[in-house]
Amino acid sequence: MTDHSDLHPDTLAIRAGTHRTEFGEHSDALFLTSSFVVDGAEDAALKFGGQIPGYTYSRFTNPTVTAFEERLAALEGAERAVATASGMSAILGLCMAHLKAGDHILASAGLFGSTIQFFNNYMGKFGVEVSYAKPTDPADWAALVRPNTRLFFLETPSNPLTDVADVSAIARIAHANGALLAVDNCFCSPILQKPLALGADIVIHSATKYLDGQGRVLGGAVVGKSEVVDPVYLFLRTSGPTLSAFNAWVLLKGMETLPLRMRAHCDNALKLATWLEAHPAIERVYYPGLESHPQHALAMRQQSGGGGVVSFELKGGKDAAWALVDAVQLMSRTANLGDVRTTITHPASTTHGRLTPEARAAAGIRDGLVRVAVGLEHIDDLTADLARGLG
Ligand SMILES: *Cc1c(COP(=O)(O)O)cnc(C)c1O
């Protein structure tokens, strides 16, 4: 891969990973082919054996998928990225490649719901222990680490309460205890936050969110040093949850506008959060870009913007929250995020609905909480839409 270290993210998002074929196509080519033809018996033997680079079968690698991987690696400042069918298959690949029965995962409390289900129900079934630490308190991580802890797993900012974790401090604790630190960077994307530069070993992406940016396809990636990513690649090519060439191509197109979109998401979200904070029906707003956010200073040190997700509690509790969700006419009532279209959800009855009331309370998800993933519509139309339901 070309050395891109002197280029800006805006340029990398458009240019990194492009390999023109003999036809000179200007946009990235889409290789919809399951397998590749070799020149002869010896060529086949060398390519299958990995002695020479080259394409054999799209479960292993595909040129469109490689272009996506190279572009994402360049944006994260990483040696290597390997693409996966979804964000969850990135987490599956990471765990299958790096953990074994008897190991322990120390993860941040309040992770994405499917990640918690996967850790508790499936990793647990294969003898991997999991416990949860407070994302905002590095001392809690140091206290909960065990001799068999192999992986620290962190989301920052968290969903939906936007808790911000100190990546550098938690990385130091992981490394002092011989563990790897993986950061799920889905909420910030590499445009707002570069976990590897902060000391993390691995970045996880759900490309389904901001990397696509327009709610079209699922995808994911594991990003980091080759020595950490190579074993994940070997697991994926053997077991199959790899990214389709078509989805990789859609993601390449999406990423070209990622820097522009992230800045616009941040601008809109800050305006919406500021408006909400001044509204009499609102009890409290959770947004790292607000000075009232408990980790505002840390967020502004390790992120270049507050991100696109704003959560808030209504004074009227569940009834008021449901009335708001029902009243909006512009925002989409759906749990997806990272889309140009603004979405609105009531976490306590949807994404966190399967938790027991006690677990929900422990996670800080109160009945009056609403999450808005702010899109790119005009800010005045978004505030007018919320005003409809706030009375
Ligand atoms: C959506 C999401 C995932 C899972 O990604 P999929 O592409 O839906 O599998 C993981 N982590 C976070 C923070 C997410 O928002």
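Quantities reported herein were computed from a predicted structural model and do not represent experimental measurements. Order of listing sets the numbers, starting from 1, for every ligand and every atom in it.
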**Student:** Do any nitrogen or oxygen atoms of ligand 1 lie under 3.5 Å from a protein nitrogen or oxygen, and which ones?
**Tutor:**
from, atom 1, to, atom 2, distance (Å)
ligand 1, 5 (O), Ser206, OG, 3.0
ligand 1, 7 (O), Gly87, N, 2.8
ligand 1, 7 (O), Ser206, OG, 2.9
ligand 1, 7 (O), Thr208, OG1, 2.6
ligand 1, 9 (O), Gly87, N, 3.1
ligand 1, 9 (O), Met88, N, 2.9
ligand 1, 11 (N), Asp184, OD2, 2.6
ligand 1, 15 (O), Lys209, NZ, 2.6

**Student:** Is Glu313 paired with Arg284 through a side-chain N to carboxylate O contact shorter than 4.0 Å?
**Tutor:**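 Here Arg284 does not pair with Glu313 in a salt bridge, since their nearest N and O are not under 4.0 Å apart.
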**Student:** Does anything in residues 260-274 pair up under salt bridge (Lys or Arg N to Asp or Glu O under 4.0 Å), and if so which pairs, sequence neighbours excluded?
**Tutor:**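 Checked against salt bridge (Lys or Arg N to Asp or Glu O under 4.0 Å) - neighbours excluded - the pairs reaching residues 260-274 are Asp10-Arg263.
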**Student:** Is the shortest heavy-atom distance from the side chain of Val328 to the side chain of Thr342 under 4.5 Å?
**Tutor:**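 The answer is no, as the side chains (C-beta and beyond) never meet within the 4.5 Å cut-off.
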**Student:** Should Gln302 and Thr156 count as side-chain neighbours, where that means a heavy-atom distance under 4.5 Å?
**Tutor:**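 Yes, their side chains come closer than 4.5 Å.
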**Student:** On the ring face of Phe118, is Lys125 found with NZ or CZ under 6.0 Å from the centre and within 45° of the axis?
**Tutor:**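 Lys125 over Phe118 ring: no.
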**Student:** Quick check: Phe119 with Phe153 (ring centres under 6.0 Å apart)?
**Tutor:**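 Yes, the ring centres sit under 6.0 Å apart.
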